[in-house]
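Some notes on the structure that comes next.
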Amino acid sequence: MTSDRLVQFTNDSLTFDVVDSGPLDGIPVVLLHGFPLRSSSWDEVVGLLHERGYRTYAPDQRGYSPGARPRGRWAYRMSKLVGDTVALISAIDSGPVHLIGHDWGATVAWSTAAQRPELLQTLTTLAVPHSSAFLRSMLSSKQFFLSYYMGLFQIPVVPELFFRRRPDAVKKLSMESGMTEEMVAEFREEIVDGGALTGSLNWYRALWIIGPRTGRRKVSVPTSHIFGAEDAALTLRGAELTAKYVTGPYDLCVLEGVSHWIPEEAAADVVGIFDTAARSER
């Protein structure tokens with residue numbers, strides 16, 4: 001592991017920005033953000049991780065980093081997103097790391113753990129369950145109806161126009177999901193006005209591009225899955241079904257009174273759950 005700060009890394013002819021912070025000799029933890037926010041969504045979490053001696057690497061992912069915004073949905077298929085994470089871990093050059101992901105970052109983390117388990121010490125996922133568990137939950141809960149927006153995001157141009165031209169409606173919907181006014185303002189500034197909107201939506205538009213066994217492999221690394229009981233976008237059923245897709249040690253933690261936005265609302269819980277799992281693997 002380098003003693004210099006990692007500011008950027010490259011993959012697939014793209015350049016990604018990284019926030020590398022905490023003690024230089026700390027145990028490395030990679031944090032993958034979700035939609036519609038960037039690495040700054042981890043600010044509360046990383047501060048607490050640093051206090052416990054961890055060094056954190058929080059990238060702005062594909063579509064979000066200014067130097068990594070390829071055009072077209074094919075550039076956002078899961079194999080590409082996993083490749084970005086693998087490239088970051090290789091750039092850290094420390095051996096296996098701890099991986100934490102929220103929302104879409106959790107989906108990438110699940111796939112990375114399934115495909116490249118040798119790169120990870122532990123996996124911690126927030127909100128979004130294993131992909132196969134999510135699909136099964138659509139048939140055994142109200143998840144299908146909660147996911148209606150994923151279909152709307154497939155329409156070219158229209159979602160971009162809505163986010164740009166209907167700020168009041170976007171704010172209302174976002175805050176109903178649990179986002180704060182500050183988070184909505186960050187989304188407007190960093191994603192909509194910052195040029196990352198189409199790239200971030202392309203993650204959804206690439207959902208239907210399925211590679212060989214993409215997202216269906218089981219995970220063997222020690223895993224903690226954290227679910228907010230007040231999540232407006234996901235059902236508990238997906239979290240419950242996830243146990244079927246983890247062959248290693250697994251812990252499901254349901255946080256009462258917490259919405260989808262777990263890193264912002266429950267940073268201390270996230271760090272406590274993660275640290276307990278990480279210490280048990282030392």
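Residues take their numbers from the sequence shown, with the count starting at 1. Heavy atoms only: backbone and side chains are in, while hydrogens, waters and symmetry mates are out.
Checking side-chain atoms of S65 against main-chain N and O of D17 turns up a donor-acceptor pair under 3.5 Å. With R55 contributing its side chain and P28 its backbone, the two residues share no donor-acceptor pair below 3.5 Å. Looking at Q154, its side chain does come within 3.5 Å of a backbone N or O of Y204 through a donor-acceptor pair. When atom types are taken as modelled, the side chain of S177 and the backbone of S174 share a donor-acceptor pair closer than 3.5 angstrom. Between the side chain of S141 and the backbone N or O of M138 there is no donor-acceptor pair closer than 3.5 Å.
Under a cut-off of 6.0 angstrom, the local environment of CD in E118 is crowded, with over 12 non-hydrogen atoms contributed by other residues, nucleotides or ligands. Heavy atoms from other residues, nucleotides or ligands lying under 6.0 Å from OH of Y149 number more than 12. Counting non-hydrogen atoms of neighbouring residues, nucleotides and ligands closer than 6.0 angstrom, the CD atom of E182 reaches no more than 12 such neighbours.
Inspection of the W203 and Q61 side chains reveals no N or O donor paired with an N or O acceptor under 3.5 Å. If you check the side chains of S39 and H33, you find no donor sitting under 3.5 Å from an acceptor. Checked by atom type, the side-chain pair T15/T10 shows no donor-acceptor distance below 3.5 Å. Side-chain atoms of S21 and H50 form a donor-acceptor pair, as typed in the model, at a separation below 3.5 Å.
Taken together through direct or relayed side-chain contacts under 4.5 Å among Ile, Leu, Val, Met, Phe, Trp and Tyr, V128 and W208 form part of one hydrophobic cluster. Note on Y76 and V157: separate hydrophobic clusters, where clusters join Ile, Leu, Val, Met, Phe, Trp and Tyr whose side-chain heavy atoms are under 4.5 Å apart, directly or indirectly. Put simply, L207 and L139 are part of two different groups of oily side chains (I, L, V, M, F, W, Y) that touch within less than 4.5 Å, one to the next. Under the 4.5 Å side-chain heavy-atom criterion for Ile, Leu, Val, Met, Phe, Trp and Tyr, L31 and V258 are members of the same hydrophobic cluster. Transitive grouping of hydrophobic side chains (ILVMFWY, heavy atoms separated by less than 4.5 Å) keeps L146 and Y148 in distinct clusters.
Here the CG-OG1 distance, from D20 to T56, works out to 7.0 Å after rounding to the nearest 0.5 Å. Separation of atoms CZ (F153) and CG (L201) is listed at 5.5 Å; rounding is to 0.5 Å. Interatomic distance, L241 CG to S140 OG, rounded to the nearest 0.5 Å: 5.5 Å. One distance of note links CG of D231 with NE2 of H260; it measures 5.5 Å at 0.5 Å rounding. Atoms CG and CZ, from L14 and R62 in turn, are 5.0 Å apart once rounded to the nearest 0.5 Å. The structure places OG1 of T122 at 10.0 Å from CG of D275, a figure rounded to the nearest 0.5 Å.
Residue pairs meeting the salt bridge (Lys or Arg N to Asp or Glu O under 4.0 Å) criterion with at least one member in residues 134-163, sequence neighbours excluded, are E160-R205.
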Review point. Y250 and V219: side chain to side chain contact (heavy atoms under 4.5 Å, CB included), yes or no, with the steps?
Key: CA-CA 10 Å; Y250 176 69; V219 170; over 6 Å; no

Review point. For L123 and W110, what are the C-alpha separation, side-chain angles and deciding distance, and is it a side chain to side chain contact (heavy atoms under 4.5 Å, CB included)?
Key: CA-CA 8 Å; L123 171 69; W110 280 115; 3.7 Å; yes

Exercise for review: Before giving the answer on side chain to side chain contact (heavy atoms under 4.5 Å, CB included), spell out for L252 and T242 the whole-Å C-alpha distance, their side-chain angles and the decisive distance to 0.1 Å.
Suggested key: CA-CA 9 Å; L252 169 60; T242 290; over 6 Å; no

Practice item. Verify side chain to side chain contact (heavy atoms under 4.5 Å, CB included) between Q121 and V221, making sure each step is shown before the conclusion. Key: CA-CA 7 Å; Q121 293 190 53; V221 302; over 6 Å; no

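The ring-ring contact (aromatic ring centres under 6.0 Å, His included) search around F227 returns none, not counting sequence neighbours. Residues meeting the salt bridge (Lys or Arg N to Asp or Glu O under 4.0 Å) test with R165, sequence neighbours left out: none.
Under the 4.0 Å criterion applied to side-chain N and carboxylate O atoms, E186 and R188 are not assigned as salt-bridge partners.
Under the side chain to side chain contact (heavy atoms under 4.5 Å, CB included) test applied with W42, the options I100, L37, V19 reduce to a single match, I100.
You'll find the side chain of H130 stays beyond 4.5 Å of the side chain of T125, heavy atoms only.
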